[in-house]
Amino acid sequence: MTTSAREVAVAGDTPYTIHIGPSLLDDGALLARSVRGRDAMLVSDTHVAPLYADRVIAALQAARPDLRIHRHVLPPGEAAKTLAHFAQVTTALADARMRRDSTLFALGGGVIGDLAGFAAACWMRGIDCVQLPTTLLAMVDSSVGGKTAVDLPQGKNLVGAFHPPRAVIADTAALRTLPPRELRAGLAEVVKYGALGDADFLDWLDANADALLAMDDAALAEAIARSCAHKAAIVARDPFEHGERALLNLGHTFGHAIETEQGYGGLNHGEAVAVGMVLAARLSETLGLAPGADTQRLRALLVRLQLPVDVPAGLDAERLLAHMRLDKKAVARGLRFIVWRGAGRAEVLSDVPESAVLSVLQEA
């Protein structure tokens with residue numbers, strides 16, 4: 001491992017380590033450390049595979065010459081996160097005769113991590129999955145915690161399973177190939193950790209916004225490590241989202257509704273979460289829970305990070321609300337939202353009046 005790499009331990013019934021640093025995709029010993037058997041499959045997409053797949057496979061084979069490695073490449077983007085592509089991956093696992101001690105490597109962004117992780121959760125009732133996130137959003141959020149899923153036309157992440165990875169290996173050098181829009185999308189999830197539980201982290205992000213946008217290595221490593229540490233602590237206390245872990249969905253109820261209504265072809269996930277966090281803060285104001293000054297502070301930080309903060313033009317508030325009724329965070333009694341009582345003080349609130357939600361959406 002490189003001397004500049006950092007590690008974050010995730011505790012719980014199935015503990016694992018998040019490795020963060022440059023050039024980790026070339027570290028064959030680290031990659032092979034998580035492989036128990038003699039078979040592995042690397043799942044990636046047509047954007048990421050040409051950049052890194054050969055390197056990962058070469059590093060693995062140098063460390064484990066006996067390893068039999070297959071690959072399966074999917075189309076890129078959220079539109080590929082479907083039951084049909086999930087079936088393709090499981091069929092590929094079957095064709096490759098992957099066994100219970102085989103390992104699936106998920107190389108890519110959040111879509112690949114979610115879909116390949118779900119396939120690993122289901123194949124033979126669960127095989128090892130090593131997450132190799134290549135986007136900032138995946139490094140700080142979707143690769144950590146073991147939530148895997150695919151989308152349906154009716155909503156995002158509605159079919160899935162909890163399946164903690166055997167390891168997460170985040171090569172920060174991969175961020176240099178990210179389009180600027182994707183980097184900014186990841187920063188939305190970084191901001192989320194400050195908004196839900198660490199107001200001082202929001203101050204740090206504000207002070208380092210320019211360095212983060214310029215992809216300064218030290219700033220990015222610090223932001224990733226702090227974000228992962230926040231998520232790891234919450235996941236360890238609530239692995240199956242029975243309570244506190246729901247806080248990690250700050251902004252996501254609104255954001256998922258926007259993504260679904262746009263057919264996963266408008267705002268990307270991080271952008272939708274940025275808008276969703278502002279809407280959640282406004283809802284908190286509407287319900288008399290939080291001061292407007294904190295909403296403005298959050299909005300200003302997101303704008304500084306070049307993220308959207310308003311609902312895209314042309315989206316109907318009633319249709320967005322209909323999507324929220326099917327959101328996984330909704331319960332039988334009604335809508336459930338992550339709100340806050342100011343920066344760094346998020347909480348789960350059930351039985352939120354639909355009239356308040358509509359009011360926020362109509363004013364956005």
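Any value given below was found using the heavy atoms of this structure, including those in side chains, with hydrogens, waters and symmetry copies removed.
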Fill in: Donor-acceptor under 3.5 Å (E182 side chain, P179 main chain)
no

Worksheet entry | Given I20, L175, L220, the one that forms side-chain contact (heavy atoms from CB on, under 4.5 Å) with M139 | L175

Fill in: Check: D101 and M124 side chains under 4.5 Å, non-hydrogen atoms
no

Item to complete: Provide the closest heavy-atom pair for A209 versus L305 in the form atom of the first, atom of the second, distance.
Response: CB-CD2, 3.7 Å

Practice prompt. Determine, for D54 against R71, whether the closest basic-nitrogen to carboxylate-oxygen distance falls under 4.0 angstrom.
Written response: yes

Discussion item. Do D114 and V150 have side chains that approach each other closer than 4.5 Å (heavy atoms only, starting at C-beta)?
Written reply: no

Worksheet item: Hey, is E222 close enough to R6 for a salt bridge, meaning N to O under 4.0 Å?
Response: yes

Worksheet item: Does S34 reach the side chain of F105, with side-chain heavy atoms less than 4.5 Å apart?
Response: no

Fill in: Close side-chain approach of E259 to E271, heavy-atom, < 4.5 Å
no

Practice prompt. Keeping to residues at least two apart or across chains, list the salt bridge (Lys or Arg N to Asp or Glu O under 4.0 Å) pairs with something in residues 126-140.
Written response: R36-D128, D128-R166

Discussion item. Quick check: closest heavy atoms across V309 and L302, and the distance to 0.1 Å?
Written reply: CG1-CB, 3.7 Å

Practice prompt. Using modelled atom types only, decide if a donor and an acceptor are shared between the side chain of R245 and the backbone of G145 within a distance under 3.5 Å.
Written response: yes

Listing, residues 355-364 side-chain donor-acceptor contacts under 3.5 Å, not counting sequence neighbours, or none:
from: S359; atom 1: OG; to: E363; atom 2: OE2; distance (Å): 3.3

Worksheet item: Would you call the rings of H256 and H252 parallel, tilted or perpendicular if under 30° counts as parallel and over 60° as perpendicular?
Response: perpendicular

Worksheet item: Can D210 and R304 be counted as an ion pair, charged N to O under 4.0 angstrom?
Response: yes

Worksheet item: If Ile, Leu, Val, Met, Phe, Trp and Tyr residues are connected whenever their side-chain heavy atoms lie under 4.5 Å apart, and connections chain through other members, are M98 and L115 in the same group?
Response: yes

Worksheet item: Taking atom types as modelled, is there a side-chain donor on Y52 or T177 under 3.5 Å from an acceptor on the other?
Response: yes

Worksheet entry | Heavy-atom pair of closest approach, residues A161 and A121 | CB-CB, 4.1 Å

Item to complete: Check A223 against V190 and note the closest heavy-atom contact, atom names and distance.
Response: CB-CG1, 4.2 Å

Worksheet item: If only atom types and distance count, is the side chain of D238 paired as donor or acceptor with the main-chain N or O of G243 below 3.5 Å?
Response: yes

Worksheet item: Is it true that a side-chain atom of D141 and a backbone atom of E189 form a donor plus acceptor pair closer than 3.5 Å?
Response: no

Fill in: L60 side chain near L42 side chain, heavy-atom distance below 4.5 Å
no

Worksheet item: Distance-only, no hydrogens or angles: does the K231 side chain make a donor-acceptor pair with backbone N or O of V144 under 3.5 Å?
Response: yes

Practice prompt. Count the heavy atoms of every other residue, nucleotide or ligand shown that sit under 6.0 Å from CZ of R100, and state whether that count exceeds 12.
Written response: yes

Fill in: Trace of the side-chain contact (heavy atoms from CB on, under 4.5 Å) decision for V191 with L307
CA-CA 11 Å; V191 169; L307 285 158; 5.5 Å; no

Fill in: Beyond-backbone contact of V43 with L107, side-chain heavy atoms, under 4.5 angstrom
no

Worksheet item: Backbone N or O of A138 within a donor-acceptor pair of the T135 side chain at under 3.5 Å?
Response: yes

Discussion item. When you measure from the side chain of N208 to the backbone of A211, do you find a donor-acceptor pair of N or O atoms at a distance under 3.5 Å?
Written reply: no

Discussion item. Between L349 and L289, does the side-chain contact (heavy atoms from CB on, under 4.5 Å) criterion hold? Intermediate values first, please.
Written reply: CA-CA 11 Å; L349 186 65; L289 301 175; 4.0 Å; yes

Worksheet item: So, N249 and E241: side-chain donor and acceptor under 3.5 Å apart, yes or no?
Response: yes

Worksheet item: Does T90 reach the main-chain N or O of A87 with its side chain, forming a donor-acceptor pair under 3.5 Å?
Response: yes

Worksheet entry | Which atom of P75 lies closest to which atom of T46, heavy atoms considered | CA-OG1, 4.3 Å

Practice prompt. Mark yes when over 12 heavy atoms from residues, nucleotides or ligands other than R181 sit less than 6.0 Å from its CZ; otherwise mark no.
Written response: yes

Response to the item:
With sequence neighbours left out, the residues meeting salt bridge (charged side-chain N to carboxylate O under 4.0 Å, His left out) with D216 are none

Practice prompt. Verify, without hydrogens or angle tests, whether E78 (side chain) and H269 (backbone) share a donor-acceptor contact under 3.5 angstrom.
Written response: no

Item to complete: Assess the pair F118 and F86: is the distance between their ring centroids shorter than 6.0 Å?
Response: yes

Practice prompt. May I ask you to test the L248-L196 pair for a side-chain heavy-atom distance under 4.5 Å?
Written response: yes

Item to complete: Report yes if some heavy atom in the side chain of E347 is under 4.5 Å from a heavy atom in the side chain of W340; otherwise report no.
Response: no

Fill in: Enclosure of D13 CG (heavy-atom neighbours >12, cutoff 6.0 Å)
no

Item to complete: State whether R99 and D39 are salt-bridged, where the test is any N-O pair (Lys NZ or Arg NE/NH1/NH2 against Asp/Glu carboxylate O) under 4.0 Å.
Response: yes

Worksheet item: Under 3.5 Å, is there a donor-acceptor pair between the side chain of H85 and the main chain of A80?
Response: yes

Discussion item. Could you report the tightest heavy-atom contact between E261 and L320, atom names first, then the distance?
Written reply: CB-CD2, 3.8 Å

